[in-house]
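Throughout, numbering of the chain's residues begins at 1 and tracks the sequence. Atoms within a ligand are numbered from 1 in the order they appear, just like the ligands themselves.
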Amino acid sequence: MQSILGIETSCDETGVALFRAGAGIVSERVYTQLDHAQYGGVVPELASRDHLRKLPGMIDEVLKEAKMTPKDLDAIAYTRGPGLAGALLVGASTAVAMATALGIPTIPVHHMEGHLLSPLLDDPVPDVPFVALLVSGGHTLLVEVEALGTYRILGETLDDAAGEAFDKTARLMGLGFPGGHLVAQLARSGDAHRFEFPRPMVNRPGLDFSFSGLKTHTRALIAQSTPDDFSDIAAGFELAVVETLVHKCRRALKETRLERLVIAGGVSANERLRTALDKALPHQVYYPPLSLCTDNGAMIAWAGWHRRGEAKRTGHIEVKPRWPLDELPPLASDA
Ligand code: KG4
Ligand code: ZN
């Protein structure tokens with residue numbers, strides 16, 4: 001298997017990329033839907049329609065840039081889940097229809113495995129085993145990666161995901177959606193120590209997270225403040241999230257006695273998080289390139305390459321909006 005097309009449509013980013021064995025990602029496109037901003041969150045029906053509108057043209061562009069035609073493809077990888085059912089169905093049905101017409105197999109990919117493997121697209125490449133912190137808009141997971149494809153969940157959020165907490169703070173400040181990077185930008189000019197913020201769950205044993213108390217605290221603080229205070233609130237909020245994540249990562253590394261930490265997902269783009277982890281931990285920490293932190297097609301094509309042992313010729317279209325990461329089978333031995 002040489003050339004794999006990757007398709008990502010689990011939420012509000014349409015991503016398409018082409019992976020070629022020996023060359024890596026040779027072309028890619030990401031389209032971030034903008035219509036959701038006015039609603040302050042992703043509207044599933046709008047997301048599905050936008051994926052449908054964008055996907056065919058993006059596939060053409062990616063193939064053209066790689067100087068390839070659909071006939072040169074060996075397989076099509078697509079995000080089967082987790083994510084929004086309607087949005088996932090657009091990617092899955094496009095992949096299956098195209099593959100059936102071409103007589104090639106499809107490879108269903110787990111979105112969070114895509115995030116988890118994305119740091120392996122850049123140097124230095126982490127060796128297994130390692131601990132992975134996956135922090136996105138929908139998930140906050142600490143995972144023990146014994147081998148690629150073999151995952152044990154160490155901890156997860158009991159309520160909001162880390163990215164969701166950033167997005168809600170951004171919304172309360174009227175910054176826009178998704179707002180993680182906007183809160184981070186505003187925080188740069190703020191004093192993180194002017195207001196006190198709780199550090200959720202750090203005094204309790206275990207590796208689970210909870211961000212709803214921090215959200216309630218931030219909401220109350222914003223209600224009593226003026227926009228002049230927002231940069232200090234953004235900085236204090238960001239520091240609270242970052243310190244909580246660092247604390248749990250340190251604990252996970254200690255409990256598993258592993259030596260390497262891999263961070264991925266949208267929030268792994270956060271600079272304060274990267275600096276704090278590098279400073280606080282003696283371990284080597286691995287990050288995806290900034291362009292691959294948020295959702296993209298490259299990570300799906302790349303995960304598809306690792307899962308090529310599961311490639312199947314099928315006309316069956318199935319998505320898994322809920323799909324625990326530890327239900328994945330181990331990778332085939334030659335992957
Ligand atoms: O991985 P991703 O693109 O989508 C999901 O799979 O959910 O993550 C998107 C999340 C959003 O919540 C966004 O606000 C957050 O990642 N994010 C950030 C930053 N860049 C994106 N959060 C904090 N700091 C950033 N620089
Ligand atoms: Zn994601």
J.: Distance to 0.1 Å, residue and atom name: give those for the protein heavy atom nearest to atom 2 (P) of ligand 1.
T.: Asp295 OD1, 3.3 Å

J.: Output every pair passing ring-ring contact (aromatic ring centres under 6.0 Å, His included) with a member in residues 64-121, not counting sequence neighbours, ordered by first then second residue.
T.: His110-Trp323, His111-His115

J.: If every non-hydrogen atom of Ala77 is compared with every non-hydrogen atom of Val109, which pair is closest and at what distance?
T.: CB-CG2, 4.0 Å

J.: Considering both backbone and side-chain atoms of His115, is one of its nitrogen or oxygen atoms within less than 3.5 Å of a nitrogen or oxygen in ligand 1?
T.: yes

J.: Would Gly180 count as a polar contact of ligand 1, with the cut-off being nitrogen or oxygen pairs under 3.5 Å?
T.: yes

J.: What protein heavy atom lies closest to atom 14 (O) of ligand 1? Include the residue and the distance to one decimal.
T.: Asp167 OD1, 2.6 Å

J.: Does at least one non-hydrogen atom of His111 fall below 4.0 angstrom from an atom of ligand 1?
T.: yes

J.: In the single-linkage hydrophobic clustering (I, L, V, M, F, W, Y; side-chain heavy atoms under 4.5 Å), do Val16 and Val319 co-cluster?
T.: no

J.: Would you find more than 12 non-hydrogen atoms of other residues, nucleotides or ligands less than 6.0 Å from Glu243 atom CD?
T.: yes

J.: Taking 2.8 Å as the distance threshold, tell me the number of protein N/O/S atoms next to the Zn ion (ligand 2).
T.: 3

J.: For Asp72 and Ser3, test the side chains for any donor-to-acceptor distance below 3.5 angstrom and give the result as yes or no.
T.: no

J.: Quick check: does any side chain N or O of Tyr286 sit under 3.5 Å from a backbone N or O of Leu261, one acting as donor and the other as acceptor?
T.: no

J.: I need the full list of ring-ring contact (aromatic ring centres under 6.0 Å, His included) pairs touching residues 211-261, with sequence neighbours left out, sorted by first then second residue.
T.: Phe166-Phe237, Phe197-His217

J.: Please could you name the atoms of ligand 1 that Gly163 approaches to less than 4.0 Å, counting only its heavy atoms?
T.: 12 (O)

J.: Could you list the residues that satisfy salt bridge (charged side-chain N to carboxylate O under 4.0 Å, His left out) with Asp208, not counting sequence neighbours?
T.: none

J.: Is there any N or O on Gly266 that sits under 3.5 Å from an N or O of ligand 1?
T.: yes

J.: Any idea which heavy atoms bring Gly138 and Ala161 closest together, and the distance?
T.: C-CB, 3.6 Å

J.: Is the closest side-chain heavy-atom distance between Arg152 and Val143 below 4.5 Å?
T.: no

J.: Would Pro178 count as being in polar contact with ligand 1, using the rule that some N or O on each side must be under 3.5 angstrom apart?
T.: no

J.: Students should be able to answer this: which protein heavy-atom is nearest to atom 23 (C) of ligand 1, and at what distance?
T.: Asn270 ND2, 3.6 Å

J.: Please state whether Gly138 comes within less than 4.0 angstrom of ligand 1, counting heavy atoms only.
T.: yes

J.: Is there a path from Val246 to Leu239 through hydrophobic residues (I, L, V, M, F, W, Y) whose side chains come within less than 4.5 Å of each other?
T.: no

J.: Hey, does Gly137 come in under 3.5 Å of ligand 1, counting only N/O atoms on both sides?
T.: yes

